[in-house]
Amino acid sequence: MAERSETEEVKLLGMWASPFSRRIEIALTLKGVAYEFSEQDITNKSSLLLQLNPVYKMIPVLVHNGKPISESLVILEYIDDTWRNNPILPQDPCERATARFWAKLIDQQICVAAMKVVGKVGEERDAAVEAARDLLMFLEKELVGKDFFGGRSLGFVDIVATLVAFWLMRTEDLLGVKVVPVELFPEIHRWVKNLLGNDVIKKCTPPEDEHLAYIRARMDKLNIKSA
Amino acid sequence: MADEVILLDFWPSMFGMRTRIALEEKNVKFDYREQDLWNKSPILLEMNPVHNKIPVLIHNGKPVCESLIQVEYIDEVWPGVNPLLPSDPYQRAQAKFWGDYIDKKVYASARLTWGAKGEEQEAGKKEFIEILKTLESKLGDKIYFGGETFGYVDIALIGFYSWFEAYEKFGNFSIEAECPKLIAWGKRCAERESVAKSLPDSEKIIKFVPELKKRFGIE
């Protein structure tokens, strides 16, 4: 349990079905940091959210003793810098740089490729699937011989990559398009099983049924055919 | 054992400039290796297999990719001289937020100022100025983005300053008219030895743009 003064105030403006919000909850929970969660309606943004994140107007926003931090990767590093128990990033500078590299790849490229898979049809979708798989193959190779990206225990890349495990891989079931089939990605599938055995991950992942219903509803709204 | 530091780079890259500056700030001797991006070398492909992009920092044989990740790495490996990031976690988070903002926003709109025409170019110019104005208001009346000391956010943005005259020329607009404080900041940074050593002359960039347009097949 982290030792902090009782006047410590940690608030998270988030959204239950957002991978970016959930990863902050994972980090705080891993470190035993008590926080107040404020569920935000992203279709009707609160004045508090707009005030605390004027640049992007997006969740998640972490507010620590009244001071806001935005952008999930920035927030994760802030949490790691502030609460030093159960470190998320490795100590070695080269390993840290590598972890940051994979996190960036996931958020800036894999996430975008995954959105294209959902949003496109026909040949464009096939191309998006190919592109996503090419990127995911790098993650696949990273997992060889490891329980998690972080090694024997959860680390920064694992937390960021939950986007793949619980968003991309749940959506592909609904789409009927296997972006990450087990034949091509046995390591990733093994890693997902390892994640599911972790209590913090289980606690901080949207419940499957509700999550699938939410994704399906969003797909219907965007006129995307579900399987 | 002496450190072996190699930088695979391309002289007009505003991203490569960040890493050059960081190494210079720390007085680290490095072997600068100019890359041909249209005929990529085996070492580039080997050291950055995911993106095949510069800059690539190779420290004692191990590659580090992505320029802001390299800047942070350099700060962590050589902590003694000229710290580039604040030690306070909140200040550090603010610096990383703005570095990330610069990464996400500046290049795309800047590119439209010389790489697009007509309405697309006008929209690009407008967005580019808005982004610069956001950054300028973040700078405020401070000497540098971090306050008294030159650091991470300055390093993230200053490479673009070497391209400003080219954007103005090809986009037919004045950045100084819209963002005078930012231009003043750029001039201040350019006086720093690390920056002066790492930024190419604006004239050289201006001469380079038509060549770049041809390579990209832009009229």
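A, B, ... follow the sequence lines: proteins, then strands. Residue 1 opens every chain. All values below come from the heavy atoms of this structure, side chains included, with hydrogens, waters and symmetry mates left out.
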Do [X] and [Y] have side chains that get closer than 4.5 Å, going by heavy atoms?
X        : Y       : value
B:Lys104 : A:Glu71 : yes
A:Trp102 : B:Val50 : yes
A:Val55  : B:Trp98 : yes

Are there over 12 heavy-atom neighbours, none belonging to [X], within less than 6.0 Å of that residue's [atom1]?
X        : atom1 : answer
A:Arg218 : CZ    : no
A:Lys116 : NZ    : no
B:Lys26  : NZ    : yes

Locate the shortest heavy-atom distance separating [X] from [Y]; write the atom from each residue and the value.
X       : Y       : value
A:Ser70 : B:Phe97 : O-CD1, 3.6 Å
B:Tyr73 : A:Ala97 : CD1-CB, 4.1 Å
B:Ala93 : A:Val74 : O-CG1, 3.3 Å

### Query
Roughly how far, to the nearest 0.5 Å, is CG of A:Leu73 from NZ of B:Lys96?
10.0 Å
### Task
Determine the option with the most heavy-atom pairs under 4.5 angstrom with chain A, choosing from B:Ile69, B:Thr134, B:Val77.
B:Ile69
Can you tell me which portion of [X] sits under 4.5 Å from chain A's heavy atoms? Options are side chain, backbone, both or neither.
X        : result
B:Lys105 : side chain
B:Val64  : side chain
B:Gln70  : neither

### Query
Should the ring pair B:Tyr101 and A:Tyr56 be called parallel, tilted or perpendicular, given that the plane angle runs from 0 to 90° and is split at 30 and 60?
tilted
Are [X] and [Y] ion-paired here, with the side-chain N under 4.0 Å from a carboxylate O?
X        : Y        : result
B:Asp100 : A:Lys104 : no
B:Glu66  : A:Arg100 : no
B:Lys62  : A:Glu95  : no

#### Entry: Proximity breakdown for A:Leu105 and chain B, heavy-atom pairs closer than 4.5 Å
side chain
### Message
So if I take each residue of residues 147-155 of chain A and look for any heavy atom under 4.5 Å from a heavy atom in chain B, which residues do I end up with?
### Response
none
### Query
Ignoring hydrogens and geometry, is there a side-chain-to-backbone donor-acceptor pair from B:Tyr90 to A:Pro68 under 3.5 Å?
yes
#### Entry: Aromatic ring proximity A:Phe138/B:His51, centre distance under 6.0 Å
no
